[in-house]
Asks: 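Mind looking over this structure? Questions follow.
Remember, predicted model here, so these are calculated numbers, not experimental data. Note on naming: letters A, B, ... go to the chains in the order of the sequence lines (proteins, then strands), and numbering restarts at 1 for each one.
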Protein chains: 2
Amino acid sequence: MANIRDVAKAAGVSVATVSRYLNNKGYISEEAKRVIAKAVEELNYQPSMIARSLSTKQSTFIGLIVPDIVNPFFPELARAIEDVALAYGYTLILCNSDEDLEKEINYVKTLQQKYVAGFIVASNHVEAEHYMGLDIPIVAIDRRIHSSIPYIATDNREGARIGTEHLLDSGCRNILCMRGPSGLGPADDRFAGFMDAVKGKNIETHIIECPFHFDIAETMVKKILQEVSIDGIFASSDVTAAGAMKAAYSAGIHVPNQLQIVGYDGTMLASQLTPGLTTVAQDLYRMGAMAARMLIELIKGQELTEREVLIPAELLIRQTTRSEA
Amino acid sequence: MANIRDVAKAAGVSVATVSRYLNNKGYISEEAKRVIAKAVEELNYQPSMIARSLSTKQSTFIGLIVPDIVNPFFPELARAIEDVALAYGYTLILCNSDEDLEKEINYVKTLQQKYVAGFIVASNHVEAEHYMGLDIPIVAIDRRIHSSIPYIATDNREGARIGTEHLLDSGCRNILCMRGPSGLGPADDRFAGFMDAVKGKNIETHIIECPFHFDIAETMVKKILQEVSIDGIFASSDVTAAGAMKAAYSAGIHVPNQLQIVGYDGTMLASQLTPGLTTVAQDLYRMGAMAARMLIELIKGQELTEREVLIPAELLIRQTTRSEA
DNA sequence: GTTCTATGTGGTACCGGTTACACATAATGA
DNA sequence: TCATTATGTGTAACCGGTACCACATAGAAC
């Protein structure tokens, strides 16, 4: 592979001039441009980003830390981030943290060594000291990690309220709320939204805490269905809603005739279930794209206009609920 | 951030000695090790991978090119690759090609500039010239891109045969085969496997070509169900099987009592549907992990023992089929 | 005719590692 | 005892860019 000195020699100019040409910086004559362009073409020259990074101490890598890309919530996010990153000339590095603090710290360390330009963190645990004092831009997604770190999320409380209202509007009076792990920001917010909706409305509620896990959700709901009688479920994720649907099916309970279900997330899964799952959709793509844009602004040293962004959720009514006239 | 010269100075040795220490190369006295370790510790020194890459012309980045990470097939693959990469000290770069040739070429070019150590390509189109003569190791996954490039895939033909046999064993005599896009290696193989299974068995077959897309699958199957009478469907992906399930539901056809369905892939989706989708599972994790291992061997300059690996598929029997005694 | 500014170019130190080579010294073997 | 080998360390060139600084020229301003 040709390097910048080869190009300079072929074009009969200095490396400084070539560098200026490549970066559109400083003064260059038209003649020089022409002759350099020709040399670049002929030698099929591609500048080494590594050398550039070493020199400028900047890179065009963005690190994305997610708990597990297999969780259907994250691919869409990753996709959006990658799209934006690509448009701005950045490359996305994917890291699965498994919610493991040590793994996460390690990633941060490794990527720092590789001069990443910034991080987007969609991680879910409490300790966040290792993100402080990093002098690398960070944007948090879905969950606030520290007041000093900009973050972007869905308006979970309002989303959950809307979803629950919809159950109420559809006639449910006896509702199971499958809340997510307490202590987890988004899960807490959704639970709060659920409570907002049912408060003072003479609704009988049952509340269980259930991790975002299909099998566990199925098992828990199976048990609940034997114990109490309910006509609606507000699940705080599509995956747990899917588990609930399966439990209902096993118990011979018809959805939505005997039991209505609302999920949360708006992932592909929700649309591909049968019957189609009514769900509170997060605009994951928008969230990811916005996070990426914010990060890139930070990388470029710009000030953010907003350091905290809440994206409204949208109710997608499908076949697990029946709106009443 | 401290650099290697700072460490050398602090330890009272030369940079060469520090470098040797860091890379476990050449002779170093115990005393030198001790004093360098101390300096590294004190300065919280982390070697710059960028500088190292520039010098050695090697990097610890692996590029993964997939059509779209949102397709549930790929996250598991990506996850496996990332796990193995991490274990060997590599970092994964995620690229979504959208099956777009130009985008793909661009990624290859960009990543080359960034000195990626190798590529894993799970891409789906025919032109592959741009991968040739790259002098960077490449491993193809799911689809053979060129005879010179090692590849790893599921034994799709045999998998499809097993899946179809299962429909036969379960009593189906009138089967719809939703084959994938013709010209696409895996889709062709699965179709061949289907044909292997039904050949000479006096089975009535209907064949439609259907992209791996939920909505399209649903629409196509809805139409088919009005036109012909079938008692089994072999879908060549879980997503299209899910579409078929929805179509059956809309048509009031009970699965599995009136219509049995077998999917393909073994993604999460299959297990989270209601009823649970019987499917031919690819061992995606194993596939990804093996691809990563192969790539790393290539990167290290080792010869591969096998340049083409077929991983057996496994039938997961769930509730969309009923095995008969 | 000076001074100033805009334009254009080149030389070279630097980013932070690796490594070939030179040069010690100690241990081993004949 | 001397040659040979194993062990240990340092100097400096190199990887391929960037960018500071010096310098040259031409036209404008005074």
Asks: Quantified as the angle between the terminal helix axes (five pairs each), what is the overall bend of the helix from C:dG1-D:dC30 to C:dA30-D:dT1 to 10 degrees?
Replies: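 That helix gives 40° between its end axes.
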Asks: Could you tell me whether B:E41 and B:K38 have a side-chain N and a carboxylate O separated by less than 4.0 Å?
Replies: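 Salt bridge flag = no for B:K38 with B:E41.
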Asks: Look only at the side chain of A:S19 and the backbone of A:V15, and say whether a donor-acceptor pair between them is shorter than 3.5 Å.
Replies: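 No; judged by distance alone, with no hydrogens or angles, the pair does not exist.
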Asks: Within a 6.0 Å radius of atom OH on A:Y88, are there more than 12 heavy atoms belonging to other residues, nucleotides or ligands?
Replies: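 12 or below, so no.
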Asks: Does anything in residues 285-296 of chain B form a salt bridge (Lys or Arg N to Asp or Glu O under 4.0 Å)? List the pairs, not counting sequence neighbours.
Replies: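 Those involving residues 285-296 of chain B do not exist here.
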Asks: With the sugar-phosphate defined as primed atoms, P, OP1 and OP2, and the base as all remaining atoms, what B/S/- string results for nucleotides 11-20 of chain C, 5' to 3', for protein heavy atoms under 4.0 Å?
Replies: BB--BBBSB-
Asks: Around atom CD of B:E102, are there more than 12 heavy atoms of other residues, nucleotides or ligands at under 6.0 Å?
Replies: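 No - once you tally the heavy atoms of other residues, nucleotides and ligands closer than 6.0 Å, there are 12 at most.
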Asks: Got a sec: does the NZ of B:K9 have more than 12 other heavy atoms crowding it under 6.0 Å?
Replies: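 For B:K9, atom NZ is not crowded (no more than 12 foreign heavy atoms under 6.0 Å).
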Asks: Taking all non-hydrogen atoms of both residues into account, name the closest pair between A:Y45 and A:A2 and its distance.
Replies: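 That would be CD1-O, 3.4 Å.
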Asks: Could you tell me which residues satisfy ring pair (Phe, Tyr, Trp, His ring centres under 6.0 Å) with A:F61, sequence neighbours excluded, listed by chain and number?
Replies: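 Applying ring pair (Phe, Tyr, Trp, His ring centres under 6.0 Å) to A:F61 gives B:F61.
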Asks: Are A:E76 and A:R79 close enough for a salt bridge, meaning some N to O gap below 4.0 Å?
Replies: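 Salt bridge flag = no for A:R79 with A:E76.
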Asks: So which of residues 31-43 of chain B are in contact with DNA chain D, with a heavy-atom cut-off of under 4.0 Å?
Replies: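 Output list: B:A32.
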Asks: 5' to 3' on DNA chain D, which nucleotides open and close the contacts with chain A (atom under 4.0 Å from a heavy atom)?
Replies: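 The contact span of chain A on DNA chain D goes from D:dG16 to D:dA19.
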Asks: Please check if the number of heavy atoms outside A:E303 that lie under 6.0 Å from its CD is greater than 12.
Replies: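 Counting neighbours around CD of A:E303, 12 or fewer heavy atoms of other residues, nucleotides or ligands fall under 6.0 Å, so no.
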Asks: Between the side chains of B:K114 and A:T60, does any donor sit under 3.5 Å from an acceptor?
Replies: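 Present: a donor and an acceptor within the cut-off.
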Asks: Show the nearest heavy-atom pair for residues A:P312 and A:T154, with the distance to one decimal.
Replies: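 Closest heavy-atom pair between A:P312 and A:T154: C-CG2, 4.5 Å.
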